[in-house]
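These values consider heavy atoms only, across backbone and side chains, with no hydrogens, waters or symmetry-generated copies. It should be emphasised that the depicted structure is a prediction, and the values quoted were computed from it without experimental measurement.
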2 protein chains.
Amino acid sequence: MKEYCKFESALDILVGKWKPAILLQLISNGIMRFGELQKAIPDINKKMLTQQLRELEHNNIVHREVYNQIPPKVEYSISEYGKGLSTVLKALNDWGTAHMKHMDALYGVDRSESEPKG
Amino acid sequence: MKEYCKFESALDILVGKWKPAILLQLISNGIMRFGELQKAIPDINKKMLTQQLRELEHNNIVHREVYNQIPPKVEYSISEYGKGLSTVLKALNDWGTAHMKHMDALYGVDRSESEPKG
DNA sequence: CAGAATCCCTATTGATACTG
DNA sequence: CAGTATCAATAGGGATTCTG
């Protein structure tokens, strides 16, 4: 067995363009409906939101609660098991925060591009 | 600024099909030459190895030492800055290890496929 | 409302050959 | 030895349309 598959096993959970955003939302807000997630992450579309949620669900990170009613209502939340990711996410977040400052200091950040003044 | 860009900033470093494998090698073995890395990660090709190393180098995670001689000799190692990743990598590794067991228990692992008895 | 299905496009990965 | 250059294959992401 490849040693690094442990890394990859963990990374696979987090990788996917929208998974960090989704996880952050669910961690911050607890239970959220599909539509709420979509509103909270404006640039995502339904297909991607569905897809990434399904992957997280398959990995037991998020719990999906379906209310069988019209109109439909589906709630998502971090599963108990998923909460075990908190250490990883915190490590990632801490390091990421420091790293952004580091890169900023090294190269400068082109905020002009990445943040249209709006 | 999007909150999750901190996650992403960190994830970007680790994401890339071969980066976990490369990092693991360098962490385990210290200084390694290009060819050694290639031997240690048999399925990678030169292009990918070069590319991923360059990205890691650009992010200050690995150090590249070039000896100007014939035949060429280039050594790679984790940079001082890159060593700061250890917390993240450990968290990832620990969680990944547990997660593999978890998924194994849930779904069973098709070892028959993933590990040809060789 | 919460998706499923379809089609398209681009970024990432890979195979191969060439070079100082 | 340690790459670069080029081209081909693929997977991931996205726009749009349709549905119970």
dist B/Ser28:OG -> B/Gln25:CD (nearest 0.5 Å) comes out at 6.0 Å
Assign each of A/Val15 and B/Lys73 the nucleotide of DNA chain D bearing its closest heavy atom; nearer the 5' end lies the nucleotide of B/Lys73
Side-chain polar contacts of residues 30-42 of chain A - donor-acceptor pairs under 3.5 angstrom, sequence neighbours left out - could you list them?
from, atom 1, to, atom 2, distance (Å)
A/Arg33, NH2, A/Pro72, O, 3.4
A/Glu36, OE1, A/Arg33, N, 2.7

### Task
Please work out if B/Gln52 contacts a base, only the sugar-phosphate, or nothing of the nucleic acid, heavy-atom cut-off 4.0 Å.
sugar-phosphate
Taken to the nearest 0.5 Å, the spacing of B/His63 NE2 from B/Leu26 CG works out to 12.0 Å
The complete set of side-chain hydrogen bond (donor to acceptor under 3.5 Å, both in side chains) pairs with one or both residues in residues 74-85 of chain B, sequence neighbours excluded, reads A/His99-B/Tyr81, B/Arg64-B/Tyr76, B/Tyr67-B/Glu75, B/Glu80-B/Lys83
Comparing nearest nucleotides in DNA chain D, the 5'-proximal residue of the pair A/Gly16, B/Pro72 is B/Pro72
Inset, instruction - Just call it for B/Tyr67: base, sugar-phosphate, or nothing, with non-hydrogen atoms closer than 4.0 Å on any strand. - result: nothing
When rounded to the nearest 0.5 Å, the distance separating CD1 of B/Ile27 from CD1 of B/Ile22 is 11.5 Å
Students should find that the nucleotides of DNA chain C closing off the region near chain B, any atom under 4.0 angstrom from a heavy atom, are C/dT13 to C/dG20
Closer than 3.5 angstrom, by distance alone: can the side chain of A/Asn59 be matched with the main-chain N or O of A/Ile61 as a donor-acceptor pair? no
Residues pairing under side-chain hydrogen bond (donor to acceptor under 3.5 Å, both in side chains) where one sits in residues 10-20 of chain A, two or more places apart or in two chains, turn out to be A/Lys19-A/Glu55
Footprint ends on DNA chain D, 5' to 3', for atoms under 4.0 angstrom from a heavy atom of chain A, come out as D/dG13 to D/dG20
Contact check, residues 30-38 of chain A vs DNA chain C, heavy-atom distance under 4.0 Å, returns A/Arg33, A/Phe34, A/Gly35
In this structure, OG1 of B/Thr50 is separated from CD of B/Glu57 (nearest 0.5 Å) by 11.0 Å
Q) Step by step, would you call A/Thr87 with B/Trp95 a side-chain contact (heavy atoms from CB on, under 4.5 Å)? A) CA-CA 9 Å; A/Thr87 306; B/Trp95 192 87; over 6 Å; no
Interatomic distance, CG@A/Leu92 vs OG@B/Ser9, rounded to 0.5 Å, equals 9.0 Å
Taken to the nearest 0.5 Å, the spacing of B/Leu85 CG from B/Leu23 CG works out to 7.0 Å
Closest to the 5' end of DNA chain C, once B/Lys46 and B/Glu55 are matched to their nearest nucleotides, is B/Glu55
